[in-house]
Amino acid sequence: MSTLGLSLAGRWQSRLGRSGLLLLAALLLAGSLLLDIASGPAQLSIAQVLHSLLQGEGGDGVIVWQIRLPVALMALAVGAALGVSGLVMQTVLHNPLASSYTLGISAGAGFGAALFIVAGSSLGLAEAWGLPLCALGFAFVAGSAVLLIGRHRGGNAESYVLAGIALLFLFQALLSLLQYLAAPDALAQIVFWLFGSLYKSGWHAVGLMWLTLLLGCGVLARDAWHFTALSLSDERAASLGIAVSRLRWRALALVSLLTGVAVAFVGTIGFVGLIAPHMARMLLGEDHRLLIPGAALSGALLLSLASVLGKWLSPGGLIPIGIVTALIGLPFFLLLILRSKGGQ
Amino acid sequence: MLQLTQLSVRLAGQTVLHGLDLASGPQGSITCLLGPNGCGKSTLLRTLAGQLAYGGSIRHASQPDWQHRQATLPAKVAWLPQDCGSNSRLSAVEVVLLGKLQTLGWRVPAQLQQQARQQLAQLGLSAVAQQPLCQLSGGQRQMVFLAQALMREPSILLLDEPISALDLQHQQQVLALIEQQTRQRNMLTIMVLHDLNAARRYSQHCWLLQQGRVLAAGATAEVMTPALLSQLYHTPISSITADDGFALFYHGRHAQPA
């Protein structure tokens, strides 16, 4: 990844500066947001969208404000949360393949939601709150398990990665079991939910997601220099006075929160948390003061574009977003791997 | 001066350091730590760097026992762990800036940037200041990390095998730099080395460690003798006097006469 990424970063950085790149990403994101609101069964023009946003709910404004805008804003927040989670996990575990998806936290949340779908209604809990709480709860269970098993096994980066992979397999197996045991209705709901959907998001969910994102990023940003130092190695970071274990625990706790809330509202979405950090690193280097917003913007952009693509492929908006991210994510990921090998 | 009294360290249920009683050289001098692999040299350095719990006492100057909290680097100590290579894309000047990690806020003040650049210039690395770490040679990388350690303005510098992975030219460069900076900043430098001749030439004080126990400690000229070194490494070591006046050690093929 190093030589190609460096030449690419070098050319763009010298023209725009790193802050300039962040600004460019933000502008692209704004464009994607407008496109996302414009696209759908009733195709609107960008001008109509801007008009509705400024003038409030009248005429087309209903579609924009009641349906499209919350979905589009949810895509931004979830994409950003997954991007930042992936970045932090890759830095803290020294593993370019780490993300809350590959290390079992998303799977844990998914299992929690599926468990609620199968058993929760019989307990009389309202779905609106019961399902997200269950998902969040199991996200923390998964996150805690990774931390405890990893620490027991030695407390270095490799132990946590192995623990995460074990949990991924565990929760996927349990999910399969639930799907096998579920009644047809519940099964359809689980499967649809597992593929991820932005359409279950009302304004309260959007608000909660944005709140979690801003709080989570705010807390992570305070450790930005520590993450930059940790990117050298555990020992180098310790030699600079950083308490590495505590930093790792803090980071994984925040990742569990961000991922848990995201999965609670939109289901499991893969690849965004894996790819967004690599995109950000290629363009911005290793300074985490820039990487944290960079990964957030990359993740938001990826999910927003996936939402647009999903609507273009199926105008009814019926393709779950998780499938779209897998469709664009996989070739993109292969491209990253192949180009980096060629660059060396 | 650093005074260690009955220092003992346990790792994974095993005692690694058995009640060490050691005194280093004074400030402005270099103390080297010699011993076979697995004797506890890195463990001792890590303990001095505050990474491990210990029994006994560690006292610097006439201060009371450090009793530092585990996994916290003491304020006036800089520690350079063994270099395991780095493919980081951070630039040299960014790495040096990290030396001031404890005081870095969101924005880096211009004065700190200037200090980092000056630190690199002092070590002759101005030309590579903006280059990423992964593109530097092993010797240059080691010197960048040395610059990072010096940014902490330490009074104690702990170096774990600083020249093991370097070619002869870079070995000389790094050692000369360490010697110069130790004198200029009046630091106490404790250095783990495998190269006996480098140890003889650059250190004033010497600790010989064998299986977690002190074999000998004192002035380098007195401690680094063929007899003691042969005993330390369980292998015949001989010496001749080189033309710079220092002893030159070599691995003898025949046992040293008693």
Side-chain angles (χ1 to χ4, degrees), chain A residues 1-10 13-14 18-19 91 94 96 154-157 218 220-249 278 280-293 340 343-344, chain B residues 12 42 45-46 48-52 68-108 112 130-135 141 144-146 148-149 151-152 154 157-160:
Chain A
M1 190 74 77
S2 49
T3 37
L4 176 76
L6 276 171
S7 54
L8 186 74
Q13 272 176 34
S14 57
R18 291 179 185 176
S19 314
T91 297
H94 303 300
N156 54 19
L220 284 171
R222 292 172 63 206
D223 276 322
W225 280 114
H226 295 169
F227 289 129
T228 307
L230 196 56
S231 72
L232 288 169
S233 80
D234 276 6
E235 277 213 321
R236 296 271 176 213
S239 79
L240 290 167
I242 298 173
V244 174
S245 275
R246 269 183 272 153
L247 180 64
R248 195 167 273 146
W249 276 65
H278 287 284
R281 270 207 185 85
M282 269 172 72
L283 293 170
L284 297 168
E286 286 288 350
D287 185 347
H288 279 62
R289 293 176 300 164
L290 296 167
L291 271 186
I292 292 176
S340 77
Q344 275 163 3
Chain B
S42 287
L45 233 57
R46 288 167 153 270
L48 294 175
Q51 301 300 303
L52 300 170
H68 37 235
R69 275 197 352 243
Q70 208 173 322
T72 340
L73 191 68
K76 279 300 185 183
V77 173
W79 167 46
L80 239 71
Q82 265 177 280
D83 184 24
C84 40
S86 183
N87 54 0
S88 173
R89 287 183 297 152
L90 285 171
S91 69
V93 77
E94 284 174 321
V95 172
V96 174
L97 263 175
L98 285 174
K100 282 285 192 192
L101 191 70
Q102 316 298 353
T103 58
L104 281 175
W106 194 258
R107 288 202 64 78
V108 180
L112 218 54
Q130 298 300 333
Q131 284 194 31
L133 213 58
C134 53
Q135 285 186 346
R141 254 204 315 266
V144 168
F145 282 118
L146 186 61
Q148 182 192 67
M151 279 288 273
R152 284 177 67 88
L157 182 61
L158 304 169
L159 304 168
D160 201 345

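So that the names make sense, note that chain A is the first sequence line, chain B the second, and so on, each numbered from 1. Only heavy atoms go into these numbers, but all of them, side chains included; no hydrogens, no water, no symmetry mates.
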For the residue pair Arg89(B) and Arg281(A), what are the closest heavy atoms and their distance?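 Nearest pair, atom of Arg89(B) first, then Arg281(A): NH2-O, 3.3 Å.
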Heavy-atom contact with chain B under 4.5 Å, split by part of Ser245(A):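 Neither the backbone nor the side chain of Ser245(A) comes within 4.5 Å of chain B.
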Under 4.5 Å from any heavy atom of chain B, what part of Ala229(A) do you find: side chain, backbone, both or neither?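 It is both, since atoms from each part get that close.
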Measure distances from Leu133(B) to the heavy atoms of chain A and classify the residue's part below 4.5 Å as side chain, backbone, both or neither.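 For Leu133(B), the side chain is the part near chain A, not the backbone.
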Can you say whether Leu101(B) sits under 4.5 Å from chain A via the side chain, the backbone, both, or neither, judging by heavy atoms?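 Contact with chain A involves the side chain of Leu101(B) alone.
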Should the pair Arg248(A)-Asp234(A) be classified as a salt bridge under the 4.0 Å nitrogen-to-oxygen rule?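 The answer is yes: the pair qualifies as a salt bridge.
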List the steps, then state whether side chain to side chain contact (heavy atoms under 4.5 Å, CB included) holds for Trp79(B) with Leu48(B). CA-CA 9 Å; Trp79(B) 167 46; Leu48(B) 294 175; over 6 Å; no
Please confirm whether the backbone N or O of Val95(B) pairs with a side-chain atom of Gln148(B), one donor and one acceptor, at under 3.5 Å?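 Checked: pair present.
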